[in-house]
2 protein chains.
Amino acid sequence: MAPPKKASDGYHHGDLRAALLRAAVELIAEHGVAKLSLRECARHAGVSHAAPYRHFESKDALLVAIAEEGFAWLHEAGRAAMDGLTDPRKRLDAYGVAYVRFALEHPVHHRVMFTLQPDDDSLTAGLGREAFELLQAAAVAVTGPEVDPRHAAVAAWSIPHGLSMLILDGRVPAGLVTDEDAAEDLARAVLSLWRGPLGG
Amino acid sequence: MAPPKKASDGYHHGDLRAALLRAAVELIAEHGVAKLSLRECARHAGVSHAAPYRHFESKDALLVAIAEEGFAWLHEAGRAAMDGLTDPRKRLDAYGVAYVRFALEHPVHHRVMFTLQPDDDSLTAGLGREAFELLQAAAVAVTGPEVDPRHAAVAAWSIPHGLSMLILDGRVPAGLVTDEDAAEDLARAVLSLWRGPLGG
DNA sequence: CCCAGGATGTTGACGATGCCAACATCCGTG
DNA sequence: CACGGATGTTGGCATCGTCAACATCCTGGG
């Protein structure tokens, strides 16, 4: 049927699409998304400079594919983190912590997900809707029905999203985020600050 | 001395640096930072394709200059917003609201500020330190001295930063942010949600 | 079994870009 | 008033995104 990995025969690659995505992520991690070049992805995958066009309409489409992958992973991470929890507040916190951890584990994906310009509107629209709806449900479960669900979702999203962005941009004092576990701790600390001295 | 604007004489431009910055911001607003081209900036400013190099070492340097300008404006906006307020919590909220308003008023600057890749570390380091320190002081004034100031600052920053990013990326349901004033209202709503149902 | 057509890769080309070097023009200062 | 530095210009190079034409390989219908 559709074995994701066919054998390479020297002419056909076997799984170029996945190889290109891997190469792109690696190159972005090294030189930043701005300097990503399709031709270098092709080189890394060992194919000619035009081969990528058999799998992606354009360079932007490649980036959109990375974003799609990232949103799927994020959705899954959020789902898994809340799995088994019943207390609405604990569920929401778990989502937030998982969000930050995801950003740390897949910094390139996270960056690409939220770097795509509105140019790509047609491609971008509805990208990550699942993840958003999951979060919105978790938030509404906490705020109750008298709060505008969109407000609830945006509020709940802001903290983990802002924190992730700040970490990835290196704006959080070094030493506070030595690894993913430290980032989780930081996320918990931030949330509890808003439940404690900053909130109330 | 240094009149920022000399007269244009047909050969020399008069104020090319500022004109290039303006053109860059305009072009980024139109086509996204990814497709910004120095040569098109030059065309917009009415000079030849290599003229920009008399004012910016590289394309990245142009972007860094935009970021610097943005951080200066942000710092000033935060300062002005807190001006005259004495209650620590009100000051912090005012900063947050001003932050979101700034992002809406200068979306390109905001995006460039937080899009620069760690490549530019040497250029980026300490960029926006002033704005960060102002926020940290405002946050510590709320949390009190027994809270790690870095935690306080990051927590206080996360909400307006996350909210701004979500808005600029178009991830906030349309209609919730029709203009800058609506964005301010949304910012206040988000903050009060964290003080109300989401917090405590 | 085989061969025709689609899927996948390759080569070559075009225009645009970032950046550099060599040259031109103009301003202010000795 | 001449001359040196600041500012612009022209031309060139390597690279890039993309397209068209061509090559290779796999697969399914006879």
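Residue numbers start from 1 in every chain, and the chains themselves are labelled A, B, ... in the order their sequence lines are given, proteins ahead of strands.
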Euclidean distance, atom CD of residue Glu57(B) to atom C1' of dA6(D) [Å, nearest integer]: 16 Å

Which whole-number value in Å describes the distance from Lys59(B) NZ to dG18(C) P? 5 Å

Distance check needed: dT17(C) P versus His31(B) NE2, whole Å only. 11 Å

Can you give me the N/O atom pairs linking the protein to nucleotides 10-13 of chain D at distances under 3.5 Å, or say none if there are none?
unit_1	atom_1	unit_2	atom_2	d
dG11(D)	O6	His49(B)	NE2	2.6

Whole angstrom is fine here: how far is it from NZ in Lys35(A) over to C1' in dG18(C)? 10 Å

Spacing of Leu20(A) atom CG relative to dT8(C) atom P, expressed in whole Å: 12 Å

Flag the pair Ile167(B) / Leu186(B) as yes when at least one side-chain heavy-atom distance between them is below 4.5 Å, and no otherwise. yes

Do the charged groups of Arg22(B) and Asp15(B) touch, with an N to O distance under 4.0 Å? no

Considering only heavy atoms from C-beta outward, does the side chain of Val154(B) approach that of Leu193(A) to under 4.5 Å? no

Those residues that, when tested against Phe102(A), pass ring pair (Phe, Tyr, Trp, His ring centres under 6.0 Å) (two or more places apart): His106(A)

Output the rounded distance in Å from CZ (Arg17(B)) to C1' (dA6(D)). 15 Å

I'd like to know if Glu180(B) pairs up with Arg101(B) as an ion pair, taking the criterion as any Lys NZ or Arg NE/NH1/NH2 lying under 4.0 Å from an Asp or Glu carboxylate oxygen. no

Give Leu62(B) one of three labels, base, sugar-phosphate or nothing, depending on what nucleic acid heavy atoms sit under 4.0 Å from its own. nothing

Residue mapping more 5' on DNA chain D - nearest nucleotide basis, Leu38(A) or His55(B): His55(B)

Send over the distance from Tyr53(A) OH to dG12(C) P, rounded to a whole Å. 18 Å

Separation of dA6(D) P from Asp15(B) CG (nearest whole Å): 17 Å

Of Arg54(B) and Leu36(A), the one whose nearest nucleotide on DNA chain D sits closer to the 5' end is Arg54(B)

Check Asp148(B) with Arg150(B), please: is the shortest side-chain N to carboxylate O separation under 4.0 Å? yes

Listed partners of Phe56(B) passing ring pair (Phe, Tyr, Trp, His ring centres under 6.0 Å), at least two apart: none

Regarding Arg43(A), tell me which of base, sugar-phosphate or nothing describes its non-hydrogen contacts under 4.0 Å with the strands shown. sugar-phosphate

